[in-house]
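To start, the structure under review is shown below, and the notes come after it.
We name chains A, B, ... by the order of the sequence lines, and we start the count at 1 in each one.
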Amino acid sequence: MRPGNPEALQQPYDPSRVEARWYAFWEERGVFRPESSRPAGGGPSAQPFVIAIPPPNVTGSLTMGHLLGDSIRDLIVRWQRMEGRETLYIPGMDHAGIATQNVVEKKLREEGRSREQLGREDFVREVWAWKEQYGGLILRQLRRLGVTPDWSRERFTLDPDYSKAVAEAFRRLYERGLIYRGHYIVNWCPRCRTALSDEEVDKVETQGSLWFVRYPLKEGNASITVATTRPETMLGDVAVAVSPKDKRYAKLVGRTAVLPLVRREIPIIADDMVDPKFGTGAVKVTPAHDVNDFQTGKRHGLPELIVIDEDGRMNDKAGDFRGLDRFEARRRIVEALRDAGYLEKVEPHTYAIGHCSRCETIIEPYLSLQWFVKMAPLAAPAIEAARRGKVKFFPSRWKKVYLYWMENIRDWCISRQLWWGHRIPVWYRGDEIAVGLEAPAGDGWRQDEDVLDTWASSWLWPFATLGWPEQTPNLERFYPNSLMVTGSDIIFFWVARMIMAGFEFTGQAPFPHVYFTSIVRDGQGRKMSKSLGNSPDPLEMMERYGADAVRFTMIYLTPTGQDLLFDEKRLETGRFFANKIWNAAKLVQMRLGDEDLSRVKESALTLSLADRWILSRFANAVKDVTRNLKTYRFNEAANALYHFAWNEYCDWYLELAKPRWSDDIPQDDARAREDRRAARWVAWKVLDGILRLLHPFMPFVTEELWQALPHDGECLAQAAWPKAKKAWFDAEAERQIAFLQELVVAVRNLRAENNLPPGKRVPITVRGRDEQLALIAELDQPLRALARIELLTLARDGSRPAVAASAVVQGAEVFLPLEGLKDLDEERTRLTTQAAKLLDDLEGVRRKLRNQDFLTKARPEIVERERQRLAQLEETLEKLRRAQESLRVSAE
RNA sequence: GGGCGGGUAGCUCAGCUGGCAGAGCACCUGGAUCACAACCAGGGGGUCACAGGUUCAAGUCCUGUUCCGCCCACCA
């Protein structure tokens, strides 16, 4: 097929022109639909490749973190598609309960309205309106990045179908007795005014105080002193506890203390939870405001006295302190205790305080009626799966983190006191309870007021997006998914729970592999965040450097299993690389001639040494890139491709090819014309291969170039992934070209070290073995160009220039005459330094080879290699010395 | 308190199965050579955190120390 794009390749490369044009082209062709990559006649053995996007928050916009994750996912998706697998990439969004409600409430506040004013129904309507108008920005941004999910399958976690799945999951768990409702201490955010799961609480080490407060006994003058970090909760104290083993307090157990300030009488009890070594060994017990105390209270049948309300203010039970914010109350209470002589002392104390992961407000342990999922039964198969390798983590160390969490799992509080989300599918009528999405028949049913934790819907993502609970053809074909790619920061929130849900609801793991991406940090290693303002705007990055450059660079930079320290300047790597490929393609296009190379058979060509070399290197690159993709070493894959394309194909092959495809080749020189044809074909073939390999990294520029060159097929995005042809591997050609490369480098080096301008052509004499001289003769022309040689003399023996700089390459001597130069000191110094280094190396090798243990114990090929190295070093040194000698002589 | 990861060139990091320490950026020198100055050519730069050990051989494996980062954790 002839070039599809007649437009000349512009220069320099301008990503914005190219990137605007291809997305619609792919979309129109249906490239993103799984059917488009379904292999013809693909039987049941042809396993599809399925991956789901971690649904971004509907409120979200693209961050640098997304840029990495989405680049990696699309890299894999495009690669798998080119491998010929039926490929499905499922897009969608998360309704993100708290986050979204917060955003809309904030907007209302700015408008002087509130959700309470609106009421539940209108508020929810308001959020939907917001979603339609502003939501999903992130998905539109993903198009700019060039990612290719099947948009026709986009899902939202609040879609009717999805909501059905969520309610059904709840119902099944309820029927199995894995869901219960009860009064327990939960993590409460007084600002969001909702319960949270343990995972939604960030613990922050904080320098606080330990207050020692004296509680007088009811009878006598004695007292007992407790230590507390939260004096304000003393208003809710219902007991003082000591360790049953603690002799100091043994005779106080059973007696009654009087709570200071409020003068309430409370018992002194013994309980094992008390550590006699901490504080005074006596603990105030506040069942309504502390998890431990709650359990102690249950054990001893103590009342639960709530003194802080859901806004974090002291309530009516708090007497004089009622209405105060909890921290203000703390100050006042400490003050009052001090004034009344109850405060014994204050010690500095460091401890971890929980903060709301959404709004940073300090969490209040709060006694309330909530819904919970019993997790241990769900964890069991998920633990088993990880242990047996049914689910594998990359990097593997996450397995340990996952298992530790799973094995110590606690029940999950899933009710949220919000309005935006899946309303809990439970209905009440008097003492009756019914579970289901719809109200049961009959009057008087009232639905639970709360909604579900967002993660209690997204944990169904891998199968609810495919139609579960219905046994749809999609579910049948595309479940389980093939891979999950996400950040390790949501391993517990989401990954672990998806695995549990997979087993619980579908009887199998939702995916066999989980790849965790790097966390993107700024140059100083700080996590990128909106509040710090240290995250560059991804859209701006794409405008400035191109989406291709951003994608490539992020992948090129991401270390396996390590954080990624991002610096905008690094994006130049990708931009320059795109430009390099662009220019290489321009050169090749200019030199291809009129023949349609995509129809030329390799077998009809006579390949030169350089051709065989680059095809061999290309086969190696294909192997390398593919292997690194398979093992999730994406940076290595990018690296291998970068270096092959730039340092081998561009730096050497194209240079070697240039003289061969000159326009000046006479009509009647059949051999030269044949050779030109081979060079054209190989240059095109390898470039075509590079574009294919590079396409998943840089989809836009590669599609543009591929279309502009001879190509087979209509669309690079649907072209086949290159194969490393066995016949192309050619160790001999690689060895031979390596020699010539060393030779060229040696000449350039001699020139530079002796201050000869790089442009000046110099006469060079090479003395070496027949084979070496033959090789040089074979590539005579390109060598002259590469090393800027004007006259290349090959000498098997004796003859050498009288005054010359010299180097030794694999035993061959290279001479560069220095007759015209007065000062030979530079060359002398150079030779001396080189000889000294050589001598060092030589000594090392000799020491090794003198070592009997090395000779007997090292693998034979290692010993052999050292022997050869010794011989070569000796030969080189010898020749270097002769060169030194000749310079000395000539100086006299 | 428990666990995990890291410390390699000025900076950011590769280094996979133990076998001649690497890349990009930065720096220095030279260069308008007809794909590319977003380029090309050449160069300097290392106590592989520290201390032991295993091994013929250690950046790589083991032990300890130290510094940095992260995660988990109901001592009030």
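One finds a side-chain N or O of A/His349 lying less than 4.0 angstrom from the OP1 or OP2 phosphate oxygen of B/rA76.
Cation-pi geometry between A/Lys345 and A/Phe212 is met: the NZ or CZ atom falls under 6.0 Å from the ring centre, inside 45° of the normal.
Contact annotation for A/Lys284: no contact, since no heavy-atom pair falls under 4.0 Å across all strands. Residue contacts shown for A/Tyr545 are absent, as no nucleic acid heavy atom lies under 4.0 Å away. At the heavy-atom level, A/Tyr404 lies under 4.0 Å from the strands shown only through sugar-phosphate atoms. Using a 4.0 Å heavy-atom criterion, one finds that A/Asp275 contacts the bases of the nucleic acid, with or without backbone contacts as well. Across all strands, A/Arg627 comes closer than 4.0 Å to base atoms (heavy-atom distances).
Nucleotides B/rA32 and B/rA41, compared at atom P, are 16 Å apart to the nearest Å. For the P atoms, the distance from B/rA73 to B/rG15 is 31 Å, rounded to whole Å. Look at the P atom in both B/rC25 and B/rC39: the space between them is 8 Å, to the nearest Å.
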So if I define the base as every atom that isn't primed, P, OP1 or OP2, how would nucleotides 28-33 of chain B read as a B/S/- string at a heavy-atom cutoff under 4.0 Å?
--S--B
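Partners of A/Lys848 by salt bridge (charged side-chain N to carboxylate O under 4.0 Å, His left out), not counting sequence neighbours, listed by chain and number: A/Glu866.
Between A/Phe634 and the choices A/Tyr556, A/Phe394, A/Tyr515, the ring-ring contact (aromatic ring centres under 6.0 Å, His included) rule is met once, by A/Tyr515.
Atom-to-atom, CD1 of A/Ile268 to P of B/rA76 comes out at 22 Å; the value is rounded to the nearest Å.
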If pairs are Watson-Crick or G-U with both distances under 3.5 Å, what is the dot-bracket string of RNA chain B, marking crossing pairs with [ ] and pairs to another strand with |?
(((((((..((((.....[..)))).(((((.......))))).....(((((..]....))))))))))))....
